[in-house]
Amino acid sequence: MTESAELNGLDRSAILLLSLGEDEAAELMRHLGPREVQKLGAAMARLSRISTDQAQTVLQDFRARLERQTSLGVGSDQYIRGMLTKALGADKAGNLIDRILHGGEASGLENLKWMDGRSIADLIKLEHPQVLAMILAYMEPEQASDVIHHLPPRQAGEAMLRLASLETVQPAAIRELNDILEEQLSGESQNLQVAILGGPKAAADILNRLEGSFSADILDKIRETDNELAEKVQEKMFVFDDLIKLDDRSMQTLLREIPSENLITALKGANPGLRDKFFNNMSKRAAEMLRDDLEAKGPVRVSEVESSQKAILQIASRLDAAGQISLGGGAGEAMI
């Protein structure tokens with residue numbers, strides 16, 4: 001077990017829930033999304049031999065942060081709406097706000113978010129590629145990439161092509177798709193509003209989470225049909241080498257979240273400029289230790305390097321979505 005100072009945010013959250021007791025932890029987890037519940041559950045199962053000092057440090061830190069949140073506890077619908085919209089964006093936050101404030105039940109599409117990728121792939125594998133594209137567009141990129149892994153390559157390529165071409169989906173189409181899924185999953189009905197789903201960015205977010213060779217194969221299939229669309233998708237993709245564009249503050253925030261073993265393996269396949277970017281945002285001692293670890297580490301399979309790099313990109317994407325870092329780097333609009 002690592003020291004408290006080295007615990008990442010996920011481990012701290014897991015320790016907090018373990019400290020609360022079953023009933024209180026269950027009540028909190030009711031308000032989390034499917035992927036968050038899965039990640040927290042795995043973290044709680046993974047933790048062992050938590051010392052009293054570690055638990056107390058986490059609880060004291062939580063209390064200190066709670067006291068700094070002056071808006072917390074107001075019970076204002078407006079505050080909740082504002083917070084979630086800032087965190088998730090207006091489109092993403094809409095349905096979640098309605099469920100929290102009005103107690104809405106999950107729709108057929110929402111219920112998919114609680115299923116694993118293989119089960120979803122088995123459920124939808126006979127559907128038309130356009131239907132697959134709509135379903136993938138409705139999911140978080142991480143879950144959608146898991147589903148893609150379990151679809152036949154040709155079907156995955158066709159679905160991603162249509163996903164990248166999507167712009168808007170009519171309410172009737174979403175309602176019909178939702179009804180079909182609810183019937184299959186024995187879910188409850190829910191009114192759906194017109195949604196902006198898919199597009200090159202949605203396709204890029206999914207491809208970013210696939211292994212390098214698999215991602216390249218799917219992009220090639222899109223290019224065979226529509227080269228211009230493939231270029232738009234590729235422009236939206238964020239690869240490991242793009243981390244060199246991060247400003248120093250974002251890089252330092254990212255470094256605090258990356259497990260050391262992942263970083264060592266990922267940097268085995270990084271160009272010298274990107275390595276220096278990481279070294280320059282560490283303390284002198286930490287940078288020297290990382291250099292030593294890189295030299296001491298033997299040959300690593302390309303698949304292991306790609307896997308570690310993808311894991312780091314997923315952390316970066318999560319931090320970017322939370323507004324803690326900017327994947328656009330510091331070369332854009334000037335700050336005042």
Side-chain angles (χ1 to χ4, degrees), residues 33-35 38 91-92 95 106-185 187 192 194-239 306 310 313-314 317:
R35 311 306 289 178
Q38 292 173 18
D91 292 334
K92 240 173 148 181
N95 288 335
S107 68
L109 284 165
E110 284 291 318
N111 282 327
L112 288 182
K113 295 184 178 182
W114 293 95
M115 297 172 62
D116 64 276
R118 182 183 294 277
S119 298
I120 296 173
D122 288 342
L123 180 70
I124 66 176
K125 63 185 178 183
L126 299 180
E127 298 292 345
H128 188 277
Q130 188 71 17
V131 174
L132 297 183
M134 290 171 58
I135 292 173
L136 292 171
Y138 198 80
M139 296 176 180
E140 292 297 321
E142 184 178 354
Q143 186 184 28
S145 67
D146 190 23
V147 174
I148 285 289
H149 267 301
H150 293 97
L151 291 174
R154 181 175 179 180
Q155 190 178 29
E158 291 177 353
M160 290 298 292
L161 170 64
R162 291 171 183 270
L163 171 68
S165 304
L166 275 177
E167 292 182 358
T168 61
V169 180
Q170 294 301 315
I174 300 179
R175 192 176 298 111
E176 183 179 355
L177 174 59
N178 191 64
D179 290 343
I180 293 172
L181 291 172
E182 282 184 348
E183 185 176 345
Q184 291 177 318
L185 298 169
L192 294 172
V194 65
I196 298 174
L197 297 174
K201 181 64 167 64
D205 286 342
I206 295 173
L207 292 178
N208 274 335
R209 288 162 171 78
L210 299 175
E211 293 300 326
S213 57
F214 192 22
S215 176
D217 287 345
I218 290 179
L219 191 60
D220 286 342
K221 291 182 184 300
I222 296 175
R223 185 172 284 109
E224 289 172 5
T225 303
D226 190 331
N227 184 66
E228 183 179 352
L229 182 60
E231 291 300 319
K232 290 180 180 178
V233 173
Q234 192 163 27
E235 287 174 4
K236 300 291 185 181
M237 291 182 68
F238 195 88
V239 298
E306 287 185 349
K310 289 293 181 184
L313 284 176
Q314 288 179 18
S317 296

Find the distance between [atom1] ([X]) and [atom2] ([Y]) and round it off to the nearest 0.5 Å.
X      : Y      : atom1 : atom2 : result
Arg118 : Lys125 : CZ    : NZ    : 10.0 Å
Met139 : Ile120 : CE    : CD1   : 3.5 Å
Ile124 : Ser119 : CD1   : OG    : 11.0 Å
Leu229 : Met160 : CG    : CE    : 10.0 Å
Gln130 : Arg162 : CD    : CZ    : 5.0 Å
Leu207 : Ile218 : CG    : CD1   : 6.0 Å

Would you name the heavy atoms of [X] and [Y] that are closest together and state the gap between them?
X      : Y      : value
Leu151 : Gln155 : CD2-OE1, 3.7 Å
Ile206 : Ala144 : CD1-CB, 3.4 Å
Ala159 : Ala133 : O-CB, 3.6 Å

Quick check against the 3.5 Å criterion: does Gln314 have a side-chain atom that pairs as donor or acceptor with the backbone of Glu142?
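No, Gln314 side chain to Glu142 backbone: no donor-acceptor pair under 3.5 Å.
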Between Arg223 and Glu231 (salt bridge meaning N to carboxylate O under 4.0 Å), is one present in this structure?
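Yes.
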Should the pair Arg154-Glu158 be classified as a salt bridge under the 4.0 Å nitrogen-to-oxygen rule?
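Answer for the salt bridge query: yes.
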Identify the residue among Leu163, Val233, Ile222, Leu166 that makes a side-chain contact (heavy atoms from CB on, under 4.5 Å) with Pro200.
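Checked Leu163, Val233, Ile222, Leu166 against Pro200; only one passes side-chain contact (heavy atoms from CB on, under 4.5 Å): Val233.
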